[in-house]
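Before any comments, here is the structure.
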Amino acid sequence: MNGPTKTIISKITKLLLAPKTKTTPYQSLLKHYGATQSLTRTKQLHAHLVTSGLLSTGIRSVLVVTYANCGYVHNARKLFDELPQRGTLLYNFMIKMYIAKGGCFEAMKVFLEMLRSKGCCPDNYTYPFVIKASSELLLIEYGRVLHGLTLVSNFGSHLFVLNSLLAMYMNCGEVEEARKVFDAMKEKSVVSWNTMINGYFKNGFANTALAVFNQMVGSGVEIDGASVVSVLPACGFLKELEAGRRVHGLVEEKVLGKKIVSNALVDMYAKCGGLDEARLVFDNMVERDVVSWTSMINGYILNGDKKSALSLFKIMQIEGLRPSSVTITLILLACASLNNLKDGRCVHGWVMKQRLDSEVAIETSLIDMYAKCNCLSLSFSVFTRTSRKKTVPWNAMLSGCVHNKLATEAIGLFKKMLVEGVEINAATCNSLLPAYGIIADLQPVNNINSYLMRSGFVSNVQVATSLIDIYSKSGSLESAHKIFNTIPVDFQDIFVWSIIIAGYGMHGHGETAVSLFKQMVQAGVKPNDVTFTSVLQSCSHAGLVDDGFYLFKFMLKDHQTTPNDDHYTCMVDMLGRAGRMDEAYDLIKTMPFIPGHAVWGALLGACVIHENVELGEVAAKWLFELEPDNTGNYVLLAKLYAALGRWEDAENVRHRMDDIGLRKAPAHSLIELLFMEEPIATLIFKKLASSSGREISVLECLDSICLRDLPYRASRIT
DNA sequence: GTAGGGTTAG
């Protein structure tokens with residue numbers, strides 16, 4: 001017999017000896033039940049097969065697959081265990097079932113059984129499943145072993161296997177390893193590229209994600225919907241409106257007009273500040289789901305238009321869409337920042353009816369909303385109904401107390417957290433720490449500091465930043481600076497620098513503030529609006545006019561930072577305090593935008609100090625127009641007149657207030673008006689003293705003007 | 001029968 005004949009004969013023999021694989025009607029029926037996930041019918045047929053004694057091994061195998069497809073783990077497992085022999089296919093189905101049910105650990109166990117079994121090897125279907133399981137369990141070491149197994153079992157170059165390895169490495173944060181696998185791939189599919197784009201973004205490399213997408217398009221790979229949905233969040237995060245627009249162009253060109261793609265576009269435009277374009281995509285959608293509406297609502301919130309967010313939410317409900325917990329979270333956020341208790345309570349009512357009020361995210365948002373609307377008792381009543389084990393509602397409650405200036409309560413709550421064994425995280429510390437800034441007492445700050453040291457939370461830069469802030473607010477710049485020095489240079493970000501600079505500024509150490517600012521710039525940290533405000537304020541408080549001017553010019557020239565209202569206010573305040581009134585006014589005149597009330601307020605304040613009526617009247621004129629309801633401005637102008645003895649003009653200011661209804665009760669005298677403000681009381685005190693020609697005690701003066709909180713005010717005035 | 005995809009938050 002020659003070779004070919006031998007082969008043919010062996011093939012025929014194999015076919016004859018092989019078990020008949022003809023599908024019986026029962027098997028076809030079970031396959032149909034599996035495909036349609038008809039569990040009840042499967043159970044009925046199973047019972048029938050048992051009673052009629054038809055439960056052959058072949059049928060049992062099919063039953064395992066059917067139960068697995070229906071997701072009925074118990075029966076699948078039972079029948080699977082009873083089988084005398086199990087093939088790769090059956091193992092694969094069991095693994096797939098466990099993963100679909102979220103039982104990744106069980107899936108891994110089945111895989112181990114498979115490896116231990118004789119004559120049954122994992123195949124190109126098994127590996128993607130188990131790699132996914134180890135990925136979801138974040139078992140990177142396991143994943144590496146699997147990677148090794150694929151290499152020794154010749155599946156190391158299988159496209160699906162490699163793609164699942166890419167996803168696994170990315171999901172476990174092993175970006176470099178994913179890259180190595182990707183670069184070594186001889187054949188790449190659109191899924192490989194998409195996995196890389198998505199993986200880079202999720203691991204914080206938004207720029208690389210965008211670059212990989214561009215490379216993909218550049219090398220002629222046909223993109224699909226998933227490519228777009230993976231790259232758009234990166235554009236949104238980077239606020240790369242132009243890049244986002246180009247992606248949008250590709251979407252139109254390739255007709256990738258799926259709902260999910262449009263949703264991603266809405267989100268991208270919203271995050272890039274292209275609200276009109278977001279709305280255009282939203283309006284042109286044929287069909288919108290909750291995510292579409294939620295993304296659009298979020299767009300309005302991100303762009304500061306919370307009122308439109310609320311009205312869109314109402315339209316959404318009229319259109320019959322049920323908000324998700326994400327939508328609710330956002331709406332409560334909008335209500336919180338609008339101080340809109342009425343709508344917030346409505347949403348709360350709806351949430352209760354829908355029985356969504358026990359979702360942690362929603363509970364937390366409710367606590368936050370009530371706190372921001374200054375209804376802390378309602379926050380507490382939501383809080384007491386929570387399960388109290390999760391950290392986030394506690395954090396929201398802490399922030400709520402701090403927002404309402406209830407520092408002692410916040411600290412009390414924190415102690416309770418420790419007693420009740422609630423997990424403390426960095427966010428807890430960040431919510432709590434500002435409470436110590438309110439108390440501004442060194443002893444409690446030292447206590448919390450030692451806790452943060454022991455627990456290791458100080459190594460969190462945000463926590464350390466807060467700690468620096470509360471130390472400087474409590475008067476210990478030395479401790480603040482010590483903590484600043486413990487932060488590794490690479491982690492000294494713009495926030496830490498701003499806080500320490502502001503700390504020195506706050507205590508009048510303008511020179512140190514300026515020198516720290518220079519150190520920061522030297523260290524390569526680019527100053528932002530806030531740092532400039534801090535350092536300019538420091539100069540202003542310390543009277544460092546020249547330094548202030550230098551920094552202001554530095555901001556204009558070297559950093560192309562456009563000064564904002566705050567910066568001009570600092571400058572005007574600084575020049576004004578130094579008596580350089582005309583320069584202050586000239587600066588205002590050169591402002592590239594319309595000056596706000598703060599700038600004019602600073603000028604008026606300076607005019608009062610230096611008794612400059614001419615400019616004071618100019619400033620007041622603007623202020624009365626910009627904020628006609630602010631009584632403080634009227635008082636300041638009256639004070640200015642009073643200081644110069646121009647009582648008639650001062651009296652006119654009072655009339656002006658009466659005319660616009662700012663003072664409901666009739667005033668008997670100018671003095672009464674002037675006493676409304678504490679600095680004016682000081683002035684009156686001086687006037688009384690000089691007119692009577694003798695020393696007048698503060699208490700005597702205060703007594704005569706019946707101010708409340710005497711001891712407090714007396715200490716402030718002396 | 002296998003791989004990749006969207007909105008929020010403390």
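Order of the sequence lines sets the chain letters (A, B, ...), proteins ahead of strands, with each chain counted from 1.
Residue N395(A) has its side chain nearest to dG10(B) when only dG10(B), dG5(B), dA3(B) are considered. Taking the side chain of H158(A) as heavy atoms from C-beta on, and the options dG10(B), dA3(B), dT2(B), the nearest nucleotide is dT2(B). In the set dG4(B), dT7(B), dG1(B), dG1(B) carries the atom at the smallest distance from any side-chain atom of Y125(A). Which of dG10(B), dT2(B), dT7(B) sits closest to the side chain of V291(A) comes down to dT7(B). Checking dG4(B), dA3(B), dG1(B) against the side-chain heavy atoms of D123(A) singles out dG1(B) as nearest. The side chain of S164(A) approaches dA3(B) more closely than any other nucleotide in the set dA3(B), dG1(B), dG5(B). Set against dG4(B), dG10(B), dT7(B), the side chain of T195(A) has dG4(B) as its closest nucleotide. With dG1(B), dG5(B), dT8(B) as the choices, the nucleotide that has an atom nearest any side-chain atom of N298(A) turns out to be dT8(B). Taking only side-chain atoms of A167(A), from C-beta outward, the nucleotide of dG5(B), dG10(B), dG4(B) with the closest atom is dG4(B). Taking only side-chain atoms of S431(A), from C-beta outward, the nucleotide of dG10(B), dT2(B), dG4(B) with the closest atom is dG10(B).
At a threshold of 4.0 angstrom between heavy atoms, the contacts of D289(A) include nucleobase atoms, whether or not backbone atoms are also involved. As judged by a 4.0 angstrom heavy-atom cut-off over every strand, F160(A) is placed among the base-contacting residues. Using a 4.0 Å heavy-atom criterion, one finds that S295(A) contacts the sugar-phosphate atoms exclusively. Residue K132(A) is classed as a sugar-phosphate contact, given heavy-atom separations below 4.0 Å to backbone atoms only. N124(A) comes within contact range of at least one nucleobase, with a heavy-atom separation under 4.0 Å. Using a 4.0 Å heavy-atom criterion, one finds that K271(A) contacts the sugar-phosphate atoms exclusively. Within 4.0 Å of S189(A), counting heavy atoms only, lies at least one base atom of the nucleic acid.
For I95(A) and dA3(B), the CD1 to C1' distance is 16 Å, given to the nearest whole Å. Whole-Å rounding puts the Y169(A) OH to dG4(B) P distance at 16 Å. The distance between atom CE of M97(A) and atom C1' of dG1(B), rounded to the nearest whole Å, is 14 Å. Counting to the nearest Å, the P atom of dT8(B) and the CE atom of M296(A) are 14 Å from each other. Rounded to whole Å, the distance from CE on M196(A) to P on dA3(B) is 19 Å. In this entry the distance linking CH2 of W193(A) with P of dG5(B) reads 18 Å, nearest Å. I424(A) has its CD1 atom 18 Å from the P atom of dG10(B), to the nearest Å. The separation between I301(A) atom CD1 and dT8(B) atom P is 10 Å, rounded to whole Å.
A salt bridge is absent between R385(A) and E363(A): the closest approach of a Lys/Arg side-chain nitrogen to an acidic carboxylate oxygen does not fall below 4.0 angstrom. For E106(A) and K101(A), the salt-bridge test fails: no basic side-chain N is under 4.0 Å from an acidic carboxylate O. For the pair R77(A) and E113(A), the salt-bridge criterion is met [side-chain N within less than 4.0 Å of a carboxylate O]. Between K314(A) and D343(A) there is a salt bridge, since at least one side-chain N of the basic residue sits less than 4.0 Å from a carboxylate O of the acidic one.
Residues S227(A) and N194(A) approach most closely at OG-OD1, 2.9 Å, considering heavy atoms.
For the segment residues 199-220 of chain A, residues with any heavy atom less than 4.0 angstrom from an atom of DNA chain B are, sorted by number, K202(A). Within residues 307-333 of chain A, the residues approached by DNA chain B to less than 4.0 Å at the level of any non-hydrogen atom are V326(A), T329(A), L330(A), in residue-number order.
Ring geometry, Y127(A) versus F155(A): the interplanar angle falls from 30° to 60°, so the pair is classed tilted.
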Next item on the list: Give the C-alpha distance, both sets of side-chain angles, the deciding distance and a yes or no for ring pair (Phe, Tyr, Trp, His ring centres under 6.0 Å) between Y370(A) and F380(A).
Entry: CA-CA 9 Å; Y370(A) 283 129; F380(A) 266 114; over 10 Å; no
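Sorted by first and then second residue, the salt bridge (Lys or Arg N to Asp or Glu O under 4.0 Å) pairs involving residues 87-98 of chain A (not counting sequence neighbours) form an empty list. The ring pair (Phe, Tyr, Trp, His ring centres under 6.0 Å) contacts involving residues 258-315 of chain A comprise H248(A)-Y269(A), F282(A)-W293(A), where partners must be two or more places apart or lie in separate chains.
Listed by chain and residue number, N284(A) satisfy the side chain to side chain contact (heavy atoms under 4.5 Å, CB included) test with L280(A) (two or more places apart in sequence, or in another chain). Residues meeting the side-chain hydrogen bond (donor to acceptor under 3.5 Å, both in side chains) test with S399(A), sequence neighbours left out: S431(A).
Judged by atom type and distance alone, N425(A) does not reach the base of dG10(B) through any side-chain donor-acceptor pair under 3.5 Å.
Side-chain N/O atoms of N92(A) include none lying less than 4.0 angstrom from OP1 or OP2 on dG1(B).
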